[in-house]
Amino acid sequence: MKRTLLIVFALACAVFAAGAARAGSGVVYVYNWTEYIPEGVIEQFSEETGIKVVYATYESNEAMYAKLKMLGNKGFDVIVPSSYFVSKMAREGMLHEIDKSKLPNFKNLDAAYLDQPFDKDNKYSVPYTWGGTGILANPGKLGTMPTKWADLWKPEYNGVLLVQDDLREVFGMALKAKGYSLNDTDPKHIEEAYKYLKKLMPSIRTFNSDSPKVPFMNEEVDAGMIWNGEAYVAMGEVPALNFVWPEEGGILWMDCMAIPAGAKNLDEAHAFINFILRPDIAKKMVEEWGYATPNKAAMALLDDDMRTSRVIFPDKATMAKSEFQDDIGDAIVIYEKYWNLLKGEQ
Amino acid sequence: MSNSRLFRRISIGSAAVWLTLFALAPNLLVLSASFLTRDEAQLIAPLLTLDNYKAILDPLFMRVLAKSLYLAAGATLICLVAGYPFAYTLARMKTRFKPLLLMLVMIPFWTNSLLRTYALIFLLKAKGLISLCLLWLGIIDKPVSFMYTETAVFIGMTYTLLPFMILPLYSSVEKLDLRLLEAAGDLGASKFKIFRHITLPLTMPGIIAGCMMVFLPALGMFYIPDLLGGGKNLLVGNFIKNQFLVSRNWPMGAAASIVLTLLMLVLVWAYHSSAKRLGKKTEGTAL
């Protein structure tokens, strides 16, 4: 039923968007994650540029991807896919090349976050914000603080763990703990990770990807994997909590602005991206969400507390060990098979 | 004359168009997708195959299905045991507050069921209301959490679906002919005998309708086990969602949806035929 509604809604959007685009420019259709832009930014953009923003939101990369596929890449001018969807969508011809001559603010970005394996030379994408998954724990209650992913397999953590309800994250953790890449596509390594995860299952109290900070704040769980932004907020509420980047390295993601191949309002799309790259806007995004900014110029504007937070901005050594999630192509079917086995055999 | 015919045509026609567009067509799309092949870039490739159904018959999917059936059947049973005495008492009550009491059963429906599930978390968690009350009463000496257990899942499902059980039961108890009960009492039947031989058979249509109305939605419900049970089990709903969104295996997800739809159709068919048989039987005894 939900699917039916989705298709109907998608068609309705397509018709609507096509009609509106013909009417002329001065409009930009932005399709972003839920709760992912600070309040007032859209209004400020419209006020300063005179471009009207039509804003829609999604809950997952997968939902956004499916909708664009069905609309033939039309209907939206700016989208915000995660790193591993940038490479997938670019390969499938779903993205329009970025014209950097229209982005004077591109120079504000830190070179450390550009030219990543998922999009060489940033042909199709511009970093929006980034973060990663590490370990949050309550050492006071546990009597110990985990320092690496493999620690979570120790008997002390029996029945008190939270892991994310996301197969790429959970297998990423196991693969990292076993010394492999979290983008590994070798079926043998994936099976090994599955066997290792099976041993972890009795320790898991809950799977949660909606808002993993909540069970921590309710003291229902004492340790587990969590996005750094969520951890930053949880630590503000419960000082006993402590966040660590695991020794094996964190699971990093980067959400990037991109333009769908069928976008109609190219100038407006570039103007919007350029606006987001302004240091004062990028600063607002860190303050609101606790996720790191790739914007070097914005760093100088941040409070000392935020700028020096190792939760939000991992140090160089951690970064060197961590990896960005990349598209794994057809291997996702193998991951999914083992994920079903992991949960279905309970 | 022609005016009413026009009205009839328009009303039946619009209903038919609506159902064709939004019920028949999508289901046919799902059905046809279930016979096609997964494609990494195009989602679906037009290659006919039966592999999706073969993969569905895998023991893993059967386990997933069995777990869903178990949770749904458990929730139905609890709803029946809790709902029957409630509906019976309510229907037989001689008070002018009856409509108000019936209203109170339905009021929770005005709030979204997802929100009500979140509200349950505030009762069940370690620092929640139940735990705090027990602490205050001195029954326990440290906080107890009811979260992330099967009990929590049953509590959540029962809470959400109980009205679906109570309403059909209420209407069937209300229709009960009291003279039959009095006659049986006069002829010396015990209370239990009256219940067993008169009340129960006559309210059976309500029981079956109530069970169907709880069981079918419970089968597809996965957010309650995810939120209250900690998402440790894979249910049919999760399985289908994962096929569509995560592994983008639309044909496989479509095949699983078709299997679930068929299962539900069988249950509805069984309900209809048993209701018909019961109808005939009660008519026969009345005569």
Side-chain angles (χ1 to χ4, degrees), chain A residues 1-8 59-66 69-70 88-89 91-94 159 161-168 201-202 204-211 214-215 217-221 327-346, chain B residues 21-23 25-27 29-30 33 38-44 55 58-67 118 121-122 124-128 143 145 147-149 220 223 226-235 237-250 252-254 257:
Chain A
M1 196 56 200
K2 251 191 188 157
R3 223 165 38 245
T4 318
L5 287 176
L6 188 77
I7 294 170
V8 171
E59 305 260 327
S60 66
N61 282 308
E62 288 84 1
M64 177 271 297
Y65 171 87
K69 267 277 157 163
M70 280 189 284
K88 180 177 172 60
M89 294 174 86
R91 201 177 57 232
E92 292 172 14
M94 294 174 75
L161 283 187
L162 177 144
V163 301
Q164 284 174 338
D165 201 5
D166 179 310
L167 60 93
R168 284 298 306 275
M201 284 302 277
I204 298 172
R205 184 151 160 78
T206 181
F207 286 84
N208 189 326
S209 278
D210 291 333
S211 189
V214 176
M217 280 156 34
N218 286 339
E219 292 181 28
E220 291 283 348
V221 294
D327 179 41
I328 47 172
D330 276 325
I332 186 76
V333 180
I334 307 170
Y335 276 81
E336 208 259 351
K337 184 184 97 187
Y338 284 118
W339 175 251
N340 285 345
L341 277 172
L342 197 65
K343 280 194 162 195
E345 277 175 349
Q346 283 307 292
Chain B
L21 267 181
F22 299 119
N27 273 307
L29 281 178
V30 174
R38 174 186 189 270
D39 186 273
E40 175 67 16
Q42 297 305 319
L43 298 175
I44 295 174
D58 172 85
L60 175 71
F61 182 73
M62 290 301 140
R63 256 203 304 271
V64 168
L65 199 59
K67 184 80 194 176
Y118 275 103
I121 296 177
F122 282 89
L124 299 172
K125 66 182 183 183
K127 290 198 286 184
S145 170
M147 286 297 291
Y148 312 123
T149 57
Y223 61 90
D226 273 0
L227 286 174
L228 300 179
K232 278 172 277 193
N233 287 302
L234 197 66
L235 301 176
N238 304 102
F239 183 87
I240 294 175
K241 187 187 102 184
N242 283 350
Q243 294 302 326
F244 275 96
L245 289 180
V246 180
S247 62
R248 289 182 291 280
N249 195 344
W250 286 32
M252 177 86 158
S257 304

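Quick caveat, the model's predicted, so the values are computed rather than measured. Reminder, nothing fancy here: chain letters follow the sequence lines and each chain counts from 1.
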With a 4.5 angstrom heavy-atom cut-off, which part of [X] approaches chain B: side chain, backbone, both or neither?
X        : value
A/Met217 : backbone
A/Tyr65  : side chain
A/Asn208 : neither
A/Glu336 : side chain
A/Asn61  : neither

Does a sphere of radius 6.0 Å around NZ in A/Lys69 hold more than 12 heavy atoms from other residues, nucleotides or ligands, not counting ones at 6.0 Å or beyond?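 Above 12, so yes.
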
Roughly how far, to the nearest 0.5 Å, is CG of A/Asp210 from OH of B/Tyr223?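 B/Tyr223 OH to A/Asp210 CG: 13.5 Å, rounded to 0.5 Å.
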
Given side chains that start at C-beta, do those of [X] and [Y] come closer than 4.5 Å, heavy atoms only?
X        : Y        : value
A/Glu220 : B/Leu124 : no
A/Leu162 : B/Tyr148 : no
B/Arg248 : A/Lys88  : yes

Any residue meeting side-chain hydrogen bond (donor to acceptor under 3.5 Å, both in side chains) with B/Asn242, in chain and number order, not counting sequence neighbours: none

Taking only residues two or more places apart in sequence, or in another chain, which ones meet A/Asp330 in a salt bridge (charged side-chain N to carboxylate O under 4.0 Å, His left out)?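 Residues passing salt bridge (charged side-chain N to carboxylate O under 4.0 Å, His left out) with A/Asp330: B/Arg38.
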
Taking all atoms of both residues into account, what is the closest heavy-atom pair of B/Gly231 and A/Phe207, and its distance? O-CD1, 3.4 Å

Search all heavy atoms of B/Leu234 against all heavy atoms of A/Asn340 and return the closest pair with its distance. CD2-OD1, 3.3 Å

For B/Leu60, is it the side chain, the backbone, both or neither that has a heavy atom under 4.5 Å from a heavy atom of chain A?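 For B/Leu60, side-chain heavy atoms alone lie under 4.5 Å from chain A.
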
B/Leu235 versus chain A, the contacting section by heavy-atom distance below 4.5 Å: neither

Tell me whether B/Lys232 contacts the main-chain N or O of A/Arg205 through its side chain, where contact means a donor paired with an acceptor under 3.5 Å.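 Yes; at least one donor-acceptor contact below 3.5 Å.
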
Taking A/Glu219 first and then B/Lys127, would you say they form a salt bridge - that is, a charged N and a carboxylate O separated by under 4.0 Å? yes

